[in-house]
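Structure first, then comments.
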Amino acid sequence: MEVFLFYLLALISVASVVAMILTRHQAYNALLLAVAFTSLGGLFALLKAPFIATVQIIIYAGAIMVLFIFVIMMIDLRQPFPPLRRKWVLALGAFLLAIIFLELILVIRTLPGTNSSAAPDFGHPTPLGRLLFSRYLYAFEITSILIVVAIVGSLYLARRKEKK
Amino acid sequence: MSPLAFFVLSLVLFSLGTLAFLVKRDLITQFMAIEIMLNAANLAMIAASRLMVSLDGQIVVFFVITVAAAEAAVGLAIILLIYRQKKNIRTEEINLLKG
C-alpha cells in the first residue's frame, strides 16, 4: 500500500510539474502547482511527518497559491511571448543541469538504504513543538520578526502612490 | 518504502524546477519554478529526517516553509510593482542593469 501510494503521488507530482513546463497559461500553471504541492504533502505524510504535511497543504497549496492567483488576476498577461532569442542560454542551462543531476545521483548512491524504526509519535505536533520552543526558540522568534518585516515590506511595495 | 526513492524523486523534481525556471520567460512562472525547487529540497530534508530518525530535518522544513511564505509575499509585490512600471513581466524586457 505504501509503495503504491508513493508511486501514485510521485507520478502526480512529476506529471503536474512537466505539464506546468508545457503549459503557457499562468492560471493553469498555478493550478498544476497546487496539485504538485498537495501530492508533495502526501509524500511528507508517507515519511512520518504528518504535521509538516498539514502545514505544507495549508500554507503552500492554500496561502501561497492564493497569493499567486491574486497577482495573476491583477496582471493582464494576454500578450503573446516572442520566441527565445538566445538559444545558447538554454544549452548552457541543460549542461549545468546534467552535471548537477549526475553529482546528486552519485551522492544518493552513497546513502544507506535501510529504514530504521521510528517512535509512534515521530513527527506529531507535540514532539515538534517541544523541539521548536526549546532548541530552536531563537530561530522561531527571528522568523516571526522576518514575517512582520515581510508583511510591512510587501504592503509598502504594493501600495498605490497618491497623485499630487 | 526506502527513503532512497524519495531522494531520487526530490532530485527529479529539483531538476524539473530548474528546467522550468530556464525555459519560462515570465516572472510569475519563474517564481513558481523556484517554489518547486524549494519543495524538492524540503522533500529531501524530510527523507533525511526519516532516514536518521531525527526531528531536526522537519524543523528545518518548517522554517523553510515560513520563509518561503514571506518570500512569496515580498516577491509578488515586487512583480506587481514591475508590472505597474513596464506593463508586462517578461524577463527580456527587464534589462535596466544590462550594460
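Computed over heavy atoms, backbone and side chain alike; hydrogens, waters and symmetry mates excluded. Proteins come first, then strands; the chains are lettered A, B, ... in the order of their sequence lines, and each starts at number 1.
Contact of the A:Met20 side chain with the B:Ile36 side chain is registered, since non-hydrogen atoms from C-beta on lie closer than 4.5 Å. Counting heavy atoms from C-beta on, the side chains of A:Leu132 and B:Phe63 come closer than 4.5 Å. Put simply, the side chain of A:Leu46 reaches to within 4.5 Å of the side chain of B:Phe6, judged on heavy atoms. Taking 4.5 Å as the limit, some side-chain heavy atom of B:Asp56 sits within range of a side-chain heavy atom of A:Arg135. At a threshold of 4.5 Å between non-hydrogen side-chain atoms, the residues A:Ile147 and B:Val67 do not count as touching. B:Leu9 places a side-chain heavy atom less than 4.5 Å from the side chain of A:Phe6. A heavy-atom distance below 4.5 Å is found between the side chains of B:Ile79 and A:Ile75. You'll find the side chain of B:Leu22 stays beyond 4.5 Å of the side chain of A:Leu97, heavy atoms only.
With a 4.5 Å cut-off on non-hydrogen atoms, B:Leu13 touches chain A through its side chain but not through its backbone. Within the 4.5 angstrom heavy-atom criterion, atoms from both the backbone and the side chain of A:Ala30 approach chain B. For A:Ala36, no part lies near chain B; criterion is any non-hydrogen pair under 4.5 Å. Heavy atoms closer than 4.5 Å to chain A are found nowhere in B:Ala44, neither backbone nor side chain. If you measure heavy-atom distances from B:Phe31 to chain A, the contacts under 4.5 Å come from both the backbone and the side chain. Looking at A:Tyr156, there are no atoms closer than 4.5 Å to chain B (heavy atoms on both sides), in backbone or side chain. With a threshold of 4.5 angstrom between heavy atoms, B:Ser10 does not approach chain A through any atom at all. Within the 4.5 angstrom heavy-atom criterion, atoms from both the backbone and the side chain of A:Ala10 approach chain B. Within the 4.5 angstrom heavy-atom criterion, atoms from both the backbone and the side chain of B:Leu55 approach chain A. No part of A:Ser16 comes within reach of chain B, as not one of its non-hydrogen atoms sits under 4.5 angstrom from that chain.
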Discussion item. Please evaluate residues B:Val74 and A:Val149 with respect to the criterion side-chain contact (heavy atoms from CB on, under 4.5 Å), reporting the C-alpha separation (whole Å), side-chain torsions for both, the decisive distance (0.1 Å), and the verdict.
Written reply: CA-CA 9 Å; B:Val74 176; A:Val149 171; over 6 Å; no
Item to complete: For ring-ring contact (aromatic ring centres under 6.0 Å, His included), just list the numbers for A:Tyr136 and B:Phe62, CA-CA rounded to whole Å, side-chain angles, deciding distance to a tenth of an Å, and then say yes or no.
Response: CA-CA 11 Å; A:Tyr136 295 97; B:Phe62 180 80; over 10 Å; no
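With values rounded to the nearest 0.5 angstrom, A:Phe122 atom CZ is found 4.0 Å from B:Ser49 atom OG. Interatomic distance, B:Ile65 CD1 to A:Ile58 CD1, rounded to the nearest 0.5 Å: 10.5 Å. Between B:Leu4 atom CG and A:Ile108 atom CD1 the span is 7.5 Å, to the nearest 0.5 Å. A distance of 8.5 Å separates CG in A:Leu40 from CG in B:Asn42, rounded to the nearest 0.5 Å. For the atom pair CZ (A:Phe68) and CG (B:Leu76), the distance works out to 5.0 Å, reported to the nearest 0.5 Å. Note: B:Lys24 NZ to A:Ile21 CD1 = 7.5 Å, rounded to the nearest 0.5 Å.
Both A:Phe37 and A:Ile59 are part of a single hydrophobic cluster, where members link through side-chain heavy atoms under 4.5 Å apart. B:Phe14 and A:Leu96 fall into different hydrophobic clusters, where Ile, Leu, Val, Met, Phe, Trp and Tyr residues are linked whenever their side-chain heavy atoms come under 4.5 Å apart, directly or through other members.
Not a single side-chain hydrogen bond (donor to acceptor under 3.5 Å, both in side chains) links A:Ser13 to another residue, sequence neighbours left out. Qualifying side-chain hydrogen bond (donor to acceptor under 3.5 Å, both in side chains) partners for B:Glu35, counting only residues two or more places apart in sequence or in other chains: A:Tyr60.
Between A:Ile64 and B:Ala72, the shortest heavy-atom distance links the atoms CG2-CB, 4.1 Å. Nearest heavy-atom pair, B:Ala73 versus A:Ser154, reported as atom, atom and distance to 0.1 Å: O-CB, 3.7 Å. What you find for B:Gln58 and A:Lys48 is that their closest heavy atoms are NE2-O, 3.2 Å.
Between chain A and the options B:Leu11, B:Thr29, B:Val8, heavy-atom pairs under 4.5 Å are most frequent for B:Leu11. The choice from A:Leu128, A:Val14, A:Leu146 that makes the most heavy-atom pairs within less than 4.5 Å of chain B is A:Leu128. Chain A forms the most heavy-atom pairs under 4.5 Å with one residue out of B:Ile59, B:Leu81, B:Val61, B:Leu19, and that residue is B:Ile59.
A donor and an acceptor atom, one from each side chain of B:Asn39 and A:Gln56, are located under 3.5 Å apart.
Between B:Asp26 and A:Arg24, no side-chain nitrogen of the basic residue sits less than 4.0 Å from a carboxylate oxygen of the acidic one, so the salt-bridge criterion is not met.
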